[in-house]
Amino acid sequence: MGAAGRLRKRILLRTADLLMIENPDEMILLPGVILHVPSCREFPIEQIARLMNEAERIVVHRFRAPVSKALPTKDEKLRLHGIPHLIFSYGAHLALIEVDRLTGEVTVLKYLAISDCGRVINPQLVEQQMQGGIAQGLGYALHEDFKVKEGAILTPDLLTYVIPGAPDIPDMETTMLQIPEPSAPLGMKGAGEIAMDGPLPAVGNALADACGIRLSRSPFSAEQVLSALRRQRK
Amino acid sequence: MRNVFIPQDLQELWHVLSENPDTVCYAGGTDLLVRMRSGALDPVSLTWLDRIGDLKGVHDFGEEVFIGACTTHSALLSDPLIGEHFPVLRKAVSVLGSPQVRNMGTIGGNIVTASPAGDTLPPLFLLEAELELRTCGSSRRIPIDRFIRGPGDTALAPSEILAGLWLKKSGRFNIQHYEKVGRRKAMAVSIISLAAMMRLSGEGIVEEAKFAWGSAGPTIVRSPEAESLLKGSPLSHAALEESARIARQAVRSIDDVRAGAEYRRALAGNLLFRLLQFSPVK
């Protein structure tokens with residue numbers, strides 16, 4: 001963002017010099033052209049670019065996301081990989097599920113996710129990130145099980161390591177809460193990963209709400225759910 | 001490099017088979033090609049049966065219906081004869097694999113693969129399917145429960161092909177049900193499956209019942225005892241309770257990466273209670 005802003009300023013200054021326009025602020029950048037607003041005249045950006053040398057055409061800018069100033073530990077034997085970051089995204093997830101009491105199968109019927117995304121530039125991309133995150137998170141909650149026995153992987157392929165398919169994923173409703181992040185350019189922050197954190201606890205809580213069982217190991221396979229239901233009956 | 005023969009009719013097929021005794025026949029390839037890719041199989045040559053018209057389609061012969069071995073699952077799903085006379089088979093095919101697998105895979109392939117989890121097998125056992133096996137000069141019929149001997153093990157002789165199967169129309173069973181439990185809703189190998197056919201009186205009395213379980217042992221599991229127990233009694237929770245107890249003992253389930261044996265045993269009984277939905281007495 002910083003680099004783009006500085007390059008924009010440079011282009012407009014250069015154009016102002018060339019055309020003897022007194023105030024560079026009278027111009028705006030449009031796709032492919034520079035528009036001088038008072039006279040409604042347009043200049044191809046390409047022409048200006050040709051007049052600039054390579055060094056002028058390149059702008060480098062650095063921005064570092066803010067990190068925690070407090071050290072997490074004073075223990076010198078612990079090596080830290082990076083420093084804890086400060087900006088967090090938040091989300092709220094709601095799952096409507098159906099539990100089959102004969103088989104223990106859990107079906108997710110409907111899903112609502114709300115993410116605190118900071119300022120959104122491309123809503124379609126954010127929605128896709130959220131839907132993808134929910135689908136992956138539901139796999140984590142209900143299907144994906146990496147099994148190992150005496151060091152040998154029992155689930156070496158996608159036949160045995162089961163991920164959800166289209167029929168397993170419900171209709172999803174997503175809402176982006178655009179709370180600007182004060183420390184970041186344009187108020188943006190990460191919104192990609194937060195969506196996949198919600199499904200496991202949401203489905204777990206839905207199971208507790210629906211049948212009063214609390215499972216602590218994922219995935220909540222039909223086998224595990226049925227055995228918990230049977231224990232509950234005893 | 002390996003040769004793939006594509007005979008256009010049975011005459012050409014017999015010629016290919018006599019010239020290439022080690023060739024491996026296939027139709028949809030949904031099992032065979034996967035096994036070849038994983039390295040489990042490396043045939044010298046392949047023979048694709050898809051172009052042989054005599055091995056395809058569903059034909060009405062009055063009391064009996066003939067299904068060509070190379071009929072795809074999708075073709076079965078849209079066939080009116082299957083929908084009318086064999087709802088139990090239709091239901092099983094509708095949950096087999098995925099649309100892509102159903103478009104390529106065939107009923108004959110599902111039978112000769114002889115997987116304990118094959119979705120068409122429990123209904124075909126209940127329907128007492130008779131398989132037509134052919135060689136160049138001969139043809140024989142064999143009941144499906146004698147044809148399938150174990151996982152991947154059938155009575156198919158070398159040089160013999162499965163041409164199709166004969167089914168007696170099952171109209172007297174007014175309740176036909178199939179359910180499979182898998183680890184997701186499509187493209188799932190079943191943990192267990194149940195096919196059920198019942199003749200129920202208007203008052204909800206069970207006059208006849210037949211059950212078959214898939215993925216419950218090396219081959220399809222039947223339980224004549226669980227069936228006969230229900231005979232003459234109303235289709236009720238109490239009546240099913242006893243059959244379910246016996247069913248759980250009848251299955252020879254195993255622990256594998258998909259599920260534990262105990263869960264499979266529980267399911268074998270539990271799935272019977274789904275039949276309560278068909279009871280006219282609520």
Side-chain angles (χ1 to χ4, degrees), chain A residues 97-109 135-150 152-171 199 203 215 217-234, chain B residues 30-31 34-35 37-40 94-102 115 117 177 179-194 196 213 215 237 240-241 244 247-248 253-277:
Chain A
I97 66 163
E98 191 176 75
V99 182
D100 189 324
R101 285 194 162 269
L102 290 181
T103 62
E105 288 168 292
V106 175
T107 304
V108 184
L109 300 173
Q136 198 180 351
L138 287 175
Y140 179 35
L142 293 171
H143 304 279
E144 298 180 38
D145 202 359
F146 185 74
K147 288 186 180 167
V148 176
K149 190 181 180 190
E150 287 165 15
I153 298 168
L154 299 176
T155 50
D157 50 34
L158 291 170
L159 182 71
T160 45
Y161 184 84
V162 173
I163 63 170
D168 300 290
I169 302 301
D171 275 342
V203 172
L215 302 181
R217 186 194 168 277
S218 75
F220 308 139
S221 65
E223 180 169 11
Q224 205 196 155
V225 171
L226 191 71
S227 106
L229 289 172
R230 291 169 82 191
R231 276 198 308 272
Q232 184 193 37
R233 239 170 274 155
K234 273 172 197 165
Chain B
T30 53
D31 285 314
V34 175
R35 293 186 62 207
R37 199 175 201 175
S38 72
S94 74
V95 293
L96 184 153
S98 66
Q100 296 90 328
V101 170
R102 293 194 288 270
S115 158
H177 175 73
E179 178 173 355
K180 79 191 253 188
V181 178
R183 282 176 57 208
R184 66 179 156 204
K185 301 217 182 299
M187 284 302 282
V189 183
S190 66
I191 290 171
I192 203 156
S193 61
L194 167 71
W213 288 266
S215 298
H237 198 279
L240 286 170
E241 196 91 63
R248 289 187 190 107
S253 52
I254 52 157
D255 277 311
D256 67 15
V257 72
R258 285 190 292 281
E262 199 197 333
Y263 179 55
R264 286 194 160 94
R265 249 192 309 280
L267 284 184
N270 285 8
L271 286 184
L272 285 176
F273 292 99
R274 206 78 87 195
L275 298 170
L276 283 173
Q277 65 181 301

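A, B, ... follow the sequence lines: proteins, then strands. Residue 1 opens every chain. The figures that follow rest on heavy atoms only: side chains count, while hydrogens, waters and symmetry mates do not.
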Turns out that what part of A/Thr160 lies under 4.5 Å from chain B's heavy atoms comes down to both

Cut-off 4.5 Å, heavy atoms of chain A, and the answer for B/Arg264 is neither

Separation between CZ (B/Arg184) and CG (A/Leu142), nearest 0.5 Å, reads 13.0 Å

Assert top hit (heavy-atom pairs under 4.5 Å, partner chain A, pool B/Ala188, B/Ala186, B/Gly260, B/Ser98) equals B/Gly260

In terms of heavy-atom pairs under 4.5 Å with chain A, the winner among B/Ile192, B/Val257, B/Ile191 is B/Val257

Discussion item. Quick check against the 3.5 Å criterion: does B/Asn270 have a side-chain atom that pairs as donor or acceptor with the backbone of A/Thr103?
Written reply: no

What one should report as the nearest heavy-atom pair of A/Thr107 and B/Lys185 is OG1-NZ, 3.2 Å

- Side-chain donor/acceptor of A/Glu105 to backbone N/O of B/Val181, under 3.5 Å: no

Output for pair (A/Arg101 CZ, B/Phe273 CZ), nearest 0.5 Å, gives 14.0 Å

B/Arg183 side chain to A/Ser221 backbone, donor-acceptor under 3.5 Å: no

Handout entry: Student check: side-chain heavy atoms of B/Leu267 and A/Glu223 closer than 4.5 Å
Key = no

Query raised in the report: How about A/Leu158 and B/Met187: do any of their side-chain heavy atoms sit closer than 4.5 Å?
Result: no

Counting heavy atoms not belonging to A/Asp171, are there more than 12 under 6.0 Å from its CG?
-> no

Applying a strict 4.5 Å limit to non-hydrogen atoms, the region of A/Leu226 in contact with chain B is side chain

B/Glu262, CD atom: more than 12 neighbouring heavy atoms under 6.0 Å
no

Under 4.5 Å to a heavy atom of chain B? For A/Asp100 that would be side chain

